[in-house]
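All chains are named by letter (A, B, ...) in the order of the sequence lines, taking the proteins before the strands, and each is independently numbered beginning at 1.
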Number of protein chains: 2
Amino acid sequence: MTTRRRLPDRKSKITLREVALRADVSESTVSRIMRNQSLVADATREKVMETVRALGYVPNRIAGSLASLNSHLIGVVIPSLSNIVFPEVIQGVHEALKSSDFQAVISTTEYDIDREEVMVRGLLAWKPAAILIAGFDHTMATRRMLDQSGVRVVELMDIDSAPIDIAVGMSHRKAGHAIGQHLIARGYRHFGYVGHDWAADRRARLRYDGLREALAEAGLSIEAHAIADGPSSVGTGRDQTKNLCATSSKIDVAVYSNDDMAVGGVFHCLSAGISLPDDMAIFGFNGLEIGRELPQPLSTLRSNRFMIGKKAIEAILESPERCTRPVVIDTGFEIFSGATA
Amino acid sequence: MTTRRRLPDRKSKITLREVALRADVSESTVSRIMRNQSLVADATREKVMETVRALGYVPNRIAGSLASLNSHLIGVVIPSLSNIVFPEVIQGVHEALKSSDFQAVISTTEYDIDREEVMVRGLLAWKPAAILIAGFDHTMATRRMLDQSGVRVVELMDIDSAPIDIAVGMSHRKAGHAIGQHLIARGYRHFGYVGHDWAADRRARLRYDGLREALAEAGLSIEAHAIADGPSSVGTGRDQTKNLCATSSKIDVAVYSNDDMAVGGVFHCLSAGISLPDDMAIFGFNGLEIGRELPQPLSTLRSNRFMIGKKAIEAILESPERCTRPVVIDTGFEIFSGATA
DNA sequence: CTGTTAGCGCTTTCAA
DNA sequence: TTGAAAGCGCTAACAG
């Protein structure tokens with residue numbers, strides 16, 4: 001029988017077998033040692049570790065995962081990396097993963113749920129232990145794949161809908177409501193809203209709805225809107241603030257879809273000589289660092305993105321098997337009074 | 001012979017074999033179809049694809065990678081996600097990867113080269129096609145692993161040292177030099193420097209050195225320094241600017257270690273009533289969005305982080321095998337005059 | 001405490 | 001154009 005199969009491998013290719021051969025033990029012994037299972041004699045372990053070092057052996061996790069049917073990979077699906085809140089979530093993920101041997105694989109959807117479907121399918125092919133995914137807005141196919149895969153699924157950022165498995169985040173509706181109540185309590189009566197496209201950002205819409213409810217409860221309403229087509233950004237916030245000011249002069253507070261937009265608003269006011277908060281007040285959302293460092297700290301509502309990523313991973317490490325009932329983890333929020341409202 | 005091995009699997013577990021059985025073809029045929037190799041009859045393909053859809057079959061990439069000895073994974077090692085420049089690099093990576101079937105696996109080192117070593121070892125265990133890694137500052141062990149692994153290695157961000165395999169970035173030394181020349185040309189003579197800890201940010205140091213060289217060539221020097229212990233941030237930039245102003249009053253321009261720091265400087269000036277650029281000028285580094293949107297656009301040097309990620313991947317996809325000689329790809333930079341200097 | 005053995009689910013020759 | 005068979009490098013059940 002000729003030795004068919006495969007071209008000569010270009011790489012050195014040190015395998016478990018090599019180590020076992022050289023150390024004169026069986027492959028399983030080496031395998032046990034590499035996974036520090038404790039049922040190995042110290043002398044053997046020492047002998048094997050020596051050859052491991054000598055050979056520079058690195059276990060092949062692909063083979064390991066296949067054999068154990070367990071990849072120790074965690075898929076993370078987020079809309080984008082350009083909005084700093086998502087990198088912050090991932091920092092929390094990395095933090096919680098630090099002492100485990102799991103690794104995160106990150107995909108971005110660019111706010112496109114069809115692309116999200118492609119990403120999820122791609123991740124599922126790696127048989128991850130879990131998928132973390134931002135939001136609840138998925139295609140039917142995505143939802144079905146996620147559901148049938150049997151892996152743990154954590155929907156991140158908001159908890160305003162029923163999760164497939166676990167949801168970790170805060171109620172954006174309540175956040176909007178809290179902002180409304182806070183501003184009313186501070187004496188504001190004439191509200192404006194500066195926002196960005198809701199189509200891709202359902203959570204901004206939820207906050208808006210919450211805000212409106214709170215105002216309605218006090219017999220108030222939003223008297224002027226300035227809403228951009230595209231995504232949120234400092235520049236957009238600046239432009240739309242100019243629009244708002246041009247449209248309506250009786251607004252005493254403007255609520256922004258988020259801090260990026262609000263910082264833009266602050267910059268417009270600085271340029272236009274509008275005094276904060278006397279001429280007009282500004283209120284943001286998120287509690288980004290940049291807002292805290294403005295000449296006047298931005299009034300905002302702090303969400304805890306880092307904690308969302310961290311809690312999500314902790315929940316998964318704690319119980320790797322899916323529970324019978326969905327779980328909701330509320331990471332809460334906090335009003336930061338600041339100096340602009 | 002009893003059928004030992006493994007507990008009953010909880011998941012549906014649809015494999016290639018199932019599909020082959022149901023479609024009444026061999027496993028290899030299904031395999032060929034799933035990888036759209038073209039040597040399959042249309043009728044067969046159609047029949048198989050139908051069962052694939054019916055069963056909701058998703059190929060197991062772990063098994064595929066093991067069999068083909070090719071994981072189609074790309075490891076990315078960066079210091080952090082909290083500095084927006086790194087997510088921007090990753091966006092470029094994702095962009096270039098979009099139409100391929102490669103996936104990026106991201107690890108962060110938190111600016112710790114020992115942790116970097118652990119991350120690299122972990123990534124190498126997945127037999128990636130390439131490793132992208134920020135900077136040139138690695139442990140000996142990291143360097144050796146990278147070198148011996150035989151995978152392509154792209155060192156990102158700067159091109160001021162000799163790469164292991166490929167380097168993609170810009171010369172930070174030249175950037176610092178260009179900043180110096182630009183500011184001298186604009187008539188500035190009394191330079192201050194506001195920076196953060198160089199230990200973790202070798203590139204900031206390179207820029208500083210370049211700046212000093214340019215000044216020296218004009219018979220000038222940096223007359224005052226304000227350098228923080230920790231990492232860069234807007235808040236730190238603000239604090240150190242205050243220090244600088246308290247220390248020295250004859251500075252007419254302050255060069256910052258980066259835009260975050262410089263924005264902090266602008267905020268201090270706004271608070272303290274220092275008029276930009278007349279009382280003092282400010283010059284940053286990076287060209288972040290926030291700087292462009294300030295009431296006065298920040299004078300800075302634009303680096304192209306997105307392009308660094310994109311070019312890195314393109315280089316790898318173009319030639320998956322390591323070349324004989326190291327390759328350097330310069331993504332360049334551009335002075336943005338702005339209004340603060 | 002250690003070895004033997006039978007796969008994990010797929011790809012890749014080679015032969016038909 | 002298709003199929004059979006031999007692994008990829010490792011883990012896990014079982015036996016010793």
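Residue-environment remark: CZ (A/Arg22) stays at or below the threshold of 12 foreign heavy atoms within 6.0 Å. Heavy-atom contacts from other residues, nucleotides or ligands closer than 6.0 Å to CZ of B/Arg35 number more than 12.
As rounded to whole Å, 9 Å separates atom P of C/dC10 from atom CE of B/Met34. Protein atom CZ of A/Arg17 is 11 Å distant from nucleotide atom C1' of D/dC10, rounded to whole Å. Look at CG on B/Leu69: it is 18 Å from P on C/dG9, rounded to the nearest Å. One can place CG of B/Asn70 at 17 Å from C1' of D/dG7, the figure rounded to the nearest angstrom. Per the geometry, CG belonging to A/Leu66 stands 18 Å off P belonging to C/dA6, to the nearest Å. Distance CG (B/Asn60) to P (D/dC10): 17 Å, rounded to an integer number of Å. As a whole-Å value, the separation of A/Tyr57 OH from D/dG9 C1' is 7 Å. Rounded to a whole Å, the CD1 atom of A/Ile33 is 14 Å from the P atom of D/dC10.
Distance from the side chain of B/Thr29 is smallest for D/dG3 among the nucleotides C/dC10, C/dG9, D/dG3. Here C/dC8 is the nucleotide among C/dT2, C/dC8, C/dT11 with the atom lying nearest to any side-chain atom of A/Ala67. Side chain of A/Ala41, nearest nucleotide from C/dC1, C/dG3, D/dA12: C/dC1.
A/Thr44 comes within contact range of the sugar-phosphate backbone alone, with a heavy-atom separation under 4.0 Å but no base atom that close.
Remark: B/Arg202 does not engage B/Asp160 in a salt bridge, criterion side-chain N to carboxylate O under 4.0 Å.
Taking 4.0 angstrom as the limit, A/Thr15 places none of its side-chain polar atoms (N or O) nearer than this to OP1 or OP2 of D/dG9. Between B/Lys13 and C/dG9 there is a side-chain polar atom (N or O) within less than 4.0 angstrom of OP1 or OP2. Contact annotation: A/Arg32 does not reach the phosphate of D/dT11 (side-chain N/O to OP1 or OP2, under 4.0 Å). One finds a side-chain N or O of B/Ser26 lying less than 4.0 angstrom from the OP1 or OP2 phosphate oxygen of D/dG3.
Comparing B/Val30 and A/Ala63 along DNA chain C, the residue whose closest nucleotide (by nearest heavy atom) sits nearer the 5' end is A/Ala63.
Note on ring orientation: taking the six-membered ring where Trp is involved, the planes of A/Phe102 and A/His72 are parallel (angle under 30°, cut-offs 30° and 60°).
Side-chain atoms of B/Arg61 and base atoms of C/dG9 include no donor and acceptor less than 3.5 Å apart. Interface remark: the B/Ser28 side chain does form a donor-acceptor pair with the D/dA4 base, using a distance-only criterion of under 3.5 Å.
Distance check, rounded to the nearest 0.5 Å: CG of A/Leu123 to CD1 of A/Ile131 gives 4.5 Å.
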